[in-house]
Amino acid sequence: MSYKTEELLAVCIARLIRARPTRHIAVGAASPVPAAAAWLCVKQGDPLHLSLLHKRSGNPFTDGSRELFDLTGQGRIDLFFLGGGQIDGQANINLIGTGAWPGLEVRFPGSFGSAFMYYMSGRTILFREEHSPRVLVDRVAHISAPGTSEPGVFRRGHAQALVTGRCVFDFHPDLGRFSLASYHAGESVESIRAMTGFEFDVPEGVGETPAPSDAELALLRGAVCDEMLETYPDFCARVFERKAAA
Amino acid sequence: MSYKTEELLAVCIARLIRARPTRHIAVGAASPVPAAAAWLCVKQGDPLHLSLLHKRSGNPFTDGSRELFDLTGQGRIDLFFLGGGQIDGQANINLIGTGAWPGLEVRFPGSFGSAFMYYMSGRTILFREEHSPRVLVDRVAHISAPGTSEPGVFRRGHAQALVTGRCVFDFHPDLGRFSLASYHAGESVESIRAMTGFEFDVPEGVGETPAPSDAELALLRGAVCDEMLETYPDFCARVFERKAAA
Amino acid sequence: MAASIPDGAMVAVPPDNSIPSVALAKALIRRRARGLRLVGVPISGFATDILIGAGCVAEVNTSAVTLGEAGFAPRFSAALKAGTLVVRDATCPAMHTMLQAAEKGVPFMPLRGLIGSDILANRPDWMVIESPFGPLIGGSREKITLLPALHPDVAVFHAVMADSAGNVWVGRRRECATIAHASQRSLVTVERVVEGNFLEDERLCPGAINATYISGIAIAERGAQPSALLDEYGFDTDYVMAYARAAKTEAGFAEWCAEHVFDNQAVAAE
Amino acid sequence: MAASIPDGAMVAVPPDNSIPSVALAKALIRRRARGLRLVGVPISGFATDILIGAGCVAEVNTSAVTLGEAGFAPRFSAALKAGTLVVRDATCPAMHTMLQAAEKGVPFMPLRGLIGSDILANRPDWMVIESPFGPLIGGSREKITLLPALHPDVAVFHAVMADSAGNVWVGRRRECATIAHASQRSLVTVERVVEGNFLEDERLCPGAINATYISGIAIAERGAQPSALLDEYGFDTDYVMAYARAAKTEAGFAEWCAEHVFDNQAVAAE
């Protein structure tokens, strides 16, 4: 069955979620692909608790907007998603901007909760669809949140992986380096290297990212899309070609 | 007009409230006389905000039981009331008990919020109807909350006065001592001295506590009692001889 | 549900004005729990006194134990004197602060007041530092107390209702939310279970606690009694007065317990 | 009401998902406020961008400034580059923590995370200490950041309704309660004023903010728009998209402002 890139990425992320024990996932507002991945796991039968931030009806928080951070501080969030205007080979992320602090060249919106969530979540999946030397850099201009921490700093988790429009990287916090896990159809180790600004390891036998199965695609386009229509109408229209009832 | 002791004490406290600028008073659960005093000020036309703790309907707090302490931490409570199983001449209060810590001889219920409220309220009126050497001691067995604080400790306020069934003492935080402000009808400087376990100063010209005026008594028995019937039915029945409608 | 609370557990129990689950306290007595370490939120009431009387409690960390209008808590006082109970005295905002530190996932939080109180002198687990922030007082840095985070094993409280999604509704009693956040597990008795999802109702949501914090729910009608439950029922002063009279002696307590705990089971909370 | 906010005031303004008073922001533009120091709760949105565009803002202390689906905040980016705006970058829980420290009347509170972030490196007002409590990490004391209390002069937000007693109802948007508690004054626009007292209604009380924190209330129908207001109305994406396009240039912003701020007054919030 043919599929859209977003569907492939959602399936990639869903596989990463299922690769480790996961009870509670929080998904940010601007994250339809991670949200689709989390819903896919739920619809595949995983007993997951999803907290969808900025969901207008049924917003999960009753203690104001600090509750997500308190919840994460308590160690109850097993998995969070982060992106970045820049991401570097040590999994540092930059949501501040480029040029002199605080982003005098290009200013991104700001760090949001990253400088806390990246440490205090059980683990983080980094997701950035654009895969270019502009985004995946050797060294971020500014660190909103670091990929690893010095001794003496309380840190519950690190990046598990980085999923882009071209490949999946695994992150190794002990080494502070990414390794290529798989490249998407149409890419190769060489094309990934050409489009990536940081060095990464290439294990033996790295191959193509498996395509979504028919069952996965059917779930995404059916039950997952049903759940997402209210919060992400544009995404559902574009990717799944479905519109919410008026 | 004849009056009950509780009415005299309420009027004494109301006069102490009005003696200093007061916007917001918090009154504890077990405090019908201070509550009557605060309501009397309101009914006399003072623009006071009253927070009546443990009021069942219309409890003022919507952020749980910590809100009183947060509110006081913010500096928004100008006046609070405290009692004590023992109170000493330095205005230390003991809500713990007597004998070895934590009250192996006689155990009182415990310190409640006193070890915070006494420092962080704009001022405190101490109220204890029983006036005996057993209660008003030279030195409390244990300090739940101290009358004065060492340098370097953030403290917003101190005791303004101690009102008992026999007299009114003013407190002088700079001296760490009480002075007799007035004694109630039937008492004298000597009788107060005999029944008080701590030393206190007696200024020139100390006299009898003025009796409640007819206007004060009328307000207490009318408009003040109306407000108190729900929260303090037993007190209203006993003192004002009025019962809540069934 | 009481069966899931092991001996020795640290259990947060709200006082009489803050919807305790008296039903679950009675179930703990029936299962003959031992060595519980109770946490007052921020004080302790009737439920704590009966648990102490029944020998379930090793330690209580609280700002006061009181039966309100019915006076001193008789079994608490007796156990303290008999030396069978460790009492860690605190002050109300200190209990809130220690629980909020756990809620926020920080190892400590500061609190003003306290310095000069014998409460502090008897809390080796609290620490006075010079505050690096805030006003200079008399030319020197403010002294302030740091309190460690307090992480109860179980929060036990009563709620008005639960919904189909397992959320519970406690209304203005938001301290129940704080202990749910601060505790490993929360066990909640409710008056009733209703259809729907409180989180999707803008009117009910602010008084709700998300199911993510709730480990168990059992229906126990009038499960807070003799404590009050918001506008559903009031504090049963006569019942607590009668208890206070009976529980003056150990024998009186045993008799009261036989009648009111063992003869009158709320099976749901077992 | 905007007239009572002096130039230079520190003003807490919630973002688009947290019921900002856009009506009051527009009134501040009309009164030509200058030098405001805005606080994001914990981030900043449309109201902040228009205040910056109109030259009202000297400084913004926030975790992000964004128009959500409509993208980057154009006037914020422009002012930052032009050097006319001081930006103090933070991270969301740090904003909450600084406001909660003020709410609790403590000079500081700790927060985990942060260490190793350039946010911390650029916040000389934050301080790293060795925590006296908590786990040893690799045999040594945990390093943790202390954040000072943040006391805004004024909290400005919108609410669904006010009651006869001057209480306001914000439902689940409890961060509005926190800024009301943390700020000297709170100015609130509301959709409507209703009879009664929310504090005496167990269903409404948990989402209410006590009048004791509220310095001023004005009716401004649809006063949060284009931001959303709970279940009353949604985020007006088209309006904000149109704004984002217009405000790409200073001239475009001026034109937008002439049409949408000066021509269309909500007099109540003046």
Side-chain angles (χ1 to χ4, degrees), chain B residues 29-30 53-57 59-70 72-73 92-97 99 101-121 140-156 232-235, chain C residues 14-15 17-18 40-44 62-66 68-69 72-73 76-77 80-81 83 87-94 96-97 100 111-122 130-131 134-135 137-138 140-144 172-178 206 228 230-231 234-235:
Chain B
L53 317 181
H54 300 254
K55 186 162 178 284
R56 187 154 162 246
S57 83
N59 177 305
F61 299 121
T62 66
D63 206 24
S65 53
R66 72 165 173 256
E67 187 174 349
L68 169 67
F69 307 105
D70 288 354
T72 308
N92 297 313
I93 64 174
N94 175 8
L95 294 152
I96 291 285
W101 184 270
L104 293 185
E105 199 176 283
V106 176
R107 168 71 195 199
F108 309 143
S111 303
F112 295 90
S114 63
F116 180 81
M117 298 299 286
Y118 206 16
Y119 304 69
M120 299 299 281
S121 304
V140 293
H142 305 291
I143 298 176
S144 286
T148 58
S149 293
E150 58 182 294
V153 175
F154 184 95
R155 183 158 191 153
R156 211 171 257 136
Y232 302 106
D234 295 347
F235 177 84
Chain C
N17 65 340
S18 179
V41 188
I43 64 167
S44 305
T62 193
S63 304
V65 187
T66 172
E69 288 179 62
F72 288 12
F76 161 71
S77 302
L80 185 151
K81 270 194 204 168
V87 180
R88 292 166 176 264
D89 273 287
T91 187
C92 298
H96 290 303
T97 290
Q100 272 192 286
L111 183 67
R112 281 174 166 158
L114 292 173
I115 298 172
S117 163
D118 286 334
I119 295 170
L120 175 62
N122 285 278
E130 291 197 352
S131 170
I137 300 181
S140 55
R141 285 268 164 229
E142 175 183 350
K143 289 177 201 166
I144 196 164
R172 71 174 81 206
R173 303 299 356 175
R174 298 190 59 82
E175 56 275 18
C176 291
T178 298
L230 302 179
D231 55 357
F235 185 70

Trainee: CZ of B/F112 to OG1 of C/T62: how many Å apart, nearest 0.5 Å?
Mentor: 8.5 Å
Trainee: Please flag which part of B/N92 lies under 4.5 Å from any non-hydrogen atom of chain C: side chain, backbone, both or neither.
Mentor: neither
Trainee: If we define contacts as heavy-atom pairs under 4.5 Å, which of C/L120, C/L111, C/V87, C/I137 has the most with chain B?
Mentor: C/I137
Trainee: Which answer fits B/E67, side chain, backbone, both or neither, if we ask what part of it has an atom under 4.5 Å from a heavy atom of chain C?
Mentor: neither
Trainee: Measure the shortest side-chain to side-chain distance between C/C92 and B/F116 over non-hydrogen atoms and say whether it is less than 4.5 angstrom.
Mentor: no
Trainee: Donor-acceptor pairs under 3.5 angstrom involving side-chain atoms of residues 141-150 of chain B: please list them, not counting sequence neighbours.
Mentor:
unit_1	atom_1	unit_2	atom_2	d
B/H142	NE2	B/G99	O	2.6
B/S144	OG	B/L95	N	2.9
B/S144	OG	B/S111	OG	2.9
B/S149	OG	B/R155	NH1	3.1
B/E150	OE1	C/K143	NZ	2.8

Trainee: Please classify the contact between B/L68 and chain C as side chain, backbone, both or neither, with a heavy-atom cut-off of under 4.5 Å.
Mentor: neither
Trainee: Please find the pair of heavy atoms, one from C/F72 and one from B/R107, that lie closest to each other, and give the distance.
Mentor: CE2-O, 3.3 Å
Trainee: Heavy-atom pairs under 4.5 Å with chain C are the metric here; pick the option from B/T72, B/D234, B/V153, B/N94 that has the most.
Mentor: B/V153
Trainee: Is any side-chain heavy atom of C/S140 less than 4.5 Å from a side-chain heavy atom of B/P151?
Mentor: no
Trainee: Where does B/F108 contact chain C at under 4.5 Å (heavy atoms): side chain, backbone, both or neither?
Mentor: both
Trainee: Run the salt bridge (Lys or Arg N to Asp or Glu O under 4.0 Å) test against C/R88 and tell me which residues pass, sequence neighbours left out.
Mentor: C/E59, C/D125
Trainee: Which heavy atom of C/I119 sits nearest a heavy atom of B/A115, and at what distance?
Mentor: CD1-CB, 3.8 Å
Trainee: Is it the backbone or the side chain of C/P135 that comes under 4.5 Å from a heavy atom of chain B, or both, or neither?
Mentor: side chain
Trainee: Consider side chain to side chain contact (heavy atoms under 4.5 Å, CB included). Of C/E175, C/H96, C/R174, which one does B/R66 pass it with?
Mentor: C/H96
Trainee: Looking at B/P109 and C/F76, what are the two nearest heavy atoms and their distance?
Mentor: O-CE2, 4.3 Å
Trainee: Please report the C-alpha distance between B/W101 and C/D89 in whole Å, then the side-chain angles of each, then the deciding distance to 0.1 Å, and finally whether the side chain to side chain contact (heavy atoms under 4.5 Å, CB included) criterion is met.
Mentor: CA-CA 10 Å; B/W101 184 270; C/D89 273 287; 3.9 Å; yes
Trainee: Which bit of C/E130 comes within less than 4.5 Å of chain B, counting heavy atoms only: side chain, backbone, both or neither?
Mentor: neither
Trainee: Determine the minimum heavy-atom distance between C/G116 and B/Y119, stating which atoms define it.
Mentor: N-OH, 4.1 Å
Trainee: Among C/A90, C/S18, C/S117, which has the most heavy-atom pairs under 4.5 Å with chain B?
Mentor: C/S117
